[in-house]
Amino acid sequence: MRDTMSENPTNATYVGRPLDRVDGRLKVTGGATYAHEHVEIPNTVHGYILGAAIAKGRIARIDTAEAENAPGVLHVMTHRNAPAQPDFGPPVTPTVPEVFTRARPMLSDDRVRFYDEPVALIVAETFEAARAAASLIQIRYETEPGRYDMEAHLAEAYAPPRTNAGFETDSAIGDFEGAFAAAEVKLDVSYTTPYQHHNPMEPHATTAVWSGDNLTIYTGAQTIANFRAGIANTLQLPLERVRIVSPFIGGGFGAKLIVHADTVLAALAARVVGRPVKIALTRQQMFANAGHRAKMKHDVRLGADRSGRLVATSHDVFSATSGFEEFCEQTAVFVRALYASETRRTRHRLIGLDTNRGEWMRSPGEAPGMLAFECAIDEMAEQLGLDPIEFRIRNEPTRDPERDVPFSTRNLVACMQEGAMRFGWEKRSSQPRAMRDGRFLVGYGMAAAMRPNYIGTTRARVRLSGNGQLTVQADMTDIGTGTYTILTQIAADATGLPPSAITVELGDSNFPRTAGSGGSWGAASSGSAVHNACLVLRDRIVAEARRADPSLKAEDAIFANGEIRWAGRGEPLGQLVGRLAPSGIEAEGQVERGDDYRNFSQHSYGAHFVEAGVDMDTGEIRIRRMLSTIGAGRILNQKTARSQVIGGMVWGIGAALMEESVLDPRYGHFVNHDLAEYHVPVNADVPSLDVVFLEEHDDKANVLGSKGIGELGVCGTGAAVANAIYNATGVRVREFPITLDKLLAGLA
């Protein structure tokens, strides 16, 4: 018996096809139950979180008597009566995994560390009663001077011990300063990217239910195992007493990778009142309590010879962070592998402020980093008098520039060339402000895209019943990416069963542990584990068949069309299992990172192309069309993959033109903390979007040959937008987002 699907992807029947989402009907009929919708749990009560009205200080006095006596109120929890919890601990955990699983106590003391930090929880029969009672709590604060202005404290920037995911804080190859000083052509620019917030469609919400000493949490969690460990550590419970259930999630974007206030407080309150407790953060509360992308200053210095060959590359990043918990995006790490350069340097520095911690936000590192760096590459190409694509091609490396290992595959040049041909790049004028359409100045821009390919330790379980139905189980989550569908396709090809015979069950900590959904590793990790589990299942089916008929040869077994076949004889799988193992046959499979991740440099690649129009009188910006060419290994589902890239392209529009959270430098709160004032792209902002996949089979990546794609669509997209606007107007805006006020002076 051979694994013909992974050896030869052309043998696949379902993987790669644009199969409709198997959970689509549930999504459109309301059957895809989110965390706040478990209404069938009897006696559920509601919690409402009251947040601090200051950003730094302490609670000098708190009076909850009137709230406790309000109609429907069952309990008011503050630092005076909250259950004991372990200390939060130091700002930096000893190891990277502990960032996700550390205890996160709530209401544990009278300190206020950031604006809107929870200072009380009101539990009542209804949400309205709890919210009304919160307004009755009287609090007197003792405020302390806070640090809220990143620019004012740049001189105090420090080097953190590590960046996100454990990458080295700094890197250096050769004498950058010497090479930059001697370079024939130089660029020295600074870009600024703002605070940003995730804003998934489904706000953070939790329903907590105790049964004796066992706790069940219904919530939106991207990584079930990390949520489970975080709650267990916070409540000081054995891991086996905590169950996390998260079958459907209305978006996460990194905001649901760790436990937040809603989950911890719901669990604490449910035990105190002896009833299930449901808590949902309001949209406004999410701006302080559900993470954000930090504000950053990017200093980019490039040196090149007259032929356009980079001889010196440097990217220094200064980022805001919380004083009580450090978070450093790996913002400049991609520079270490993107282009060839004789010397290079990357450095990350943090400025501690009195805010909540920053967190992972879609494409952490690459999204803000490539937004700045790929604009700088465009600027350097113009100085050299080179087409931006030609400049990038001249600096294409043959091996990983810093690790000095081969690339598993690298088709960045092909993505740029194919995209240029399809987009009509040859019509672009190298002279800014040279193309017009009526009163609109028209420009073309492009940028490269790169995102590391990861895989995480993951297990999956499959079970074939006597009626021919295959059940797949893993604690993997589907945050809207199409995981249910992709795993169905993988299991179908691995077993020869039709998708209609397969049921995928996800999002439950009772299922085998996975790496979860995040970092673009979800499909590769869970898919590989499911594939391997199906191979083990096939071995067991063959073993059962050979026990009944020893003349059968294992190597002759073929699984196809719902049957197992030997030398022309076939039997439906369900019939065989029902005959030989009526109780069903079960198997598990796993995957973990192997030597190929150490011996090869693994990335997904792409190129983004944008046509932008700018009204020459008003500065109004309109994106007219966009194209992304993507090289991400084998595409598991053409339809869901395209949706992922399109979502990233829209995200890039937002990053370039509108997304910005404004932190008040006097009082430390985000001023625009709702979707009325935190602007994201809507239908009127989004033009015709096209995606082209340049498929390849990367056998170093995983058994499926696929690579991560969910975050690649964001990487560089905003820079392509910014470069198109510059080509249209001749105005280079280096402070994002690019708004009318930043363009008008240059247009005049």
Side-chain angles (χ1 to χ4, degrees), residues 15 19 21-23 97 100 165 198 200 220-228 244 246-258 360-364 366 451-461 472-491 504-509 511-533 589-593 597 602-604 630 632-637 639-645 647-648 698 701-715:
V15 170
L19 192 70
R21 289 176 182 259
V22 298
D23 56 331
F100 299 90
H198 309 70
Q222 292 180 233
T223 52
I224 295 289
N226 288 337
F227 259 67
R228 189 185 195 191
I244 307 294
S246 188
F248 296 99
I249 304 171
F253 312 119
K256 296 173 182 175
L257 285 171
I258 60 171
W360 312 268
M361 188 168 172
R362 194 172 186 179
S363 308
E366 290 83 13
R451 171 73 183 167
N453 181 57
Y454 299 117
I455 201 165
T457 301
T458 295
R459 296 188 63 86
R461 179 187 304 131
V472 178
Q473 293 180 330
D475 78 0
M476 173 65 180
T477 55
D478 189 331
I479 56 175
T481 52
T483 307
Y484 283 99
T485 307
I486 290 168
L487 297 187
T488 298
Q489 293 172 270
I490 292 169
V504 176
E505 298 177 352
L506 302 175
D508 192 325
S509 59
F511 300 155
R513 176 174 176 168
T514 70
S517 182
S520 295
W521 62 65
S525 302
S526 59
S528 296
V530 168
H531 174 84
N532 292 340
Q590 67 176 12
V591 66
E592 58 187 22
R593 187 175 299 186
Y597 280 82
Q602 296 196 22
H603 298 82
S604 299
I630 301 297
R634 183 182 180 196
I635 303 303
L636 301 176
N637 182 308
K639 184 177 291 186
T640 60
R642 182 177 184 275
S643 294
Q644 284 294 289
V645 176
D698 189 342
N702 52 68
V703 68
L704 303 171
S706 66
K707 291 182 178 180
I709 202 170
E711 294 170 302
L712 184 66
V714 182
C715 302

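Quick note: residue numbers are just sequence positions, from 1.
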- Query: Taking the six-membered ring for Trp, are W521 and Y454 parallel (under 30°), tilted (30 to 60°) or perpendicular (over 60°)?
  - Reply: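 Perpendicular.
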
Roughly how far, to the nearest 0.5 Å, is [atom2] of [Y] from [atom1] of [X]?
X: Y597; Y: E592; atom1: OH; atom2: CD; answer: 12.0 Å
X: Q602; Y: R593; atom1: CD; atom2: CZ; answer: 8.5 Å
X: L636; Y: I486; atom1: CG; atom2: CD1; answer: 5.5 Å
X: E505; Y: R461; atom1: CD; atom2: CZ; answer: 10.0 Å
X: L487; Y: Q473; atom1: CG; atom2: CD; answer: 12.5 Å
X: T640; Y: Q644; atom1: OG1; atom2: CD; answer: 7.0 Å

Does any non-hydrogen side-chain atom of [Y] lie less than 4.5 Å from one of [X]?
X: I258; Y: N226; result: no
X: H531; Y: L704; result: yes
X: V15; Y: I490; result: yes
X: L506; Y: F511; result: no

- Item | Side-chain H-bond candidate by donor/acceptor type, S509 with D475, under 3.5 Å |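 No, D475 and S509 have no side-chain donor paired with an acceptor closer than 3.5 Å.
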
Please identify each residue that fulfils side chain to side chain donor-acceptor pair (under 3.5 Å) with [X], with sequence neighbours left out.
X: S528; value: none
X: D23; value: none
X: E366; value: R451
X: T481; value: T483

Please report the shortest heavy-atom distance between [X] and [Y], naming the atom on each side.
X: G708; Y: N453; result: N-OD1, 3.0 Å
X: F253; Y: Q222; result: N-OE1, 3.6 Å
X: N702; Y: A524; result: ND2-CB, 3.4 Å
X: S520; Y: G710; result: OG-N, 3.6 Å
X: G252; Y: I479; result: N-CB, 4.5 Å
X: M476; Y: G522; result: CE-CA, 3.5 Å

Under the 3.5 angstrom rule, does the side chain of [X] hit a backbone N or O of [Y] as a donor-acceptor pair?
X: T458; Y: G456; value: yes
X: S604; Y: A632; value: no
X: H198; Y: W360; value: yes
X: S246; Y: A221; value: yes

- Please walk me through it: do R21 and Y484 pass side chain to side chain contact (heavy atoms under 4.5 Å, CB included)? CA-CA 7 Å; R21 289 176 182 259; Y484 283 99; over 6 Å; no

- Item | Pairing of D698 and K707 as salt bridge, 4.0 angstrom limit |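 Yes, D698 and K707 are salt-bridged.
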
- Check against side chain to side chain contact (heavy atoms under 4.5 Å, CB included), I709 and I630: CA-CA 9 Å; I709 202 170; I630 301 297; 4.1 Å; yes

- Task: Might you work through the side chain to side chain contact (heavy atoms under 4.5 Å, CB included) test for S517 and T223, ending with a clear yes or no?
- Result: CA-CA 6 Å; S517 182; T223 52; over 6 Å; no

- Listed by chain and number, what are the salt bridge (charged side-chain N to carboxylate O under 4.0 Å, His left out) partners of D478, not counting sequence neighbours?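 D478 satisfies salt bridge (charged side-chain N to carboxylate O under 4.0 Å, His left out) with no other residue.
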
- Task: Go through the structure and list residues passing salt bridge (charged side-chain N to carboxylate O under 4.0 Å, His left out) with R459, not counting sequence neighbours.
- Result: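 Applying salt bridge (charged side-chain N to carboxylate O under 4.0 Å, His left out) to R459 gives E588.
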
- Message: Run the side chain to side chain contact (heavy atoms under 4.5 Å, CB included) test on Q489 and N637 for me, step by step, so that the C-alpha distance in whole Å, both residues' side-chain angles and the decisive distance to 0.1 Å come before the verdict.
- Response: CA-CA 8 Å; Q489 293 172 270; N637 182 308; 2.8 Å; yes

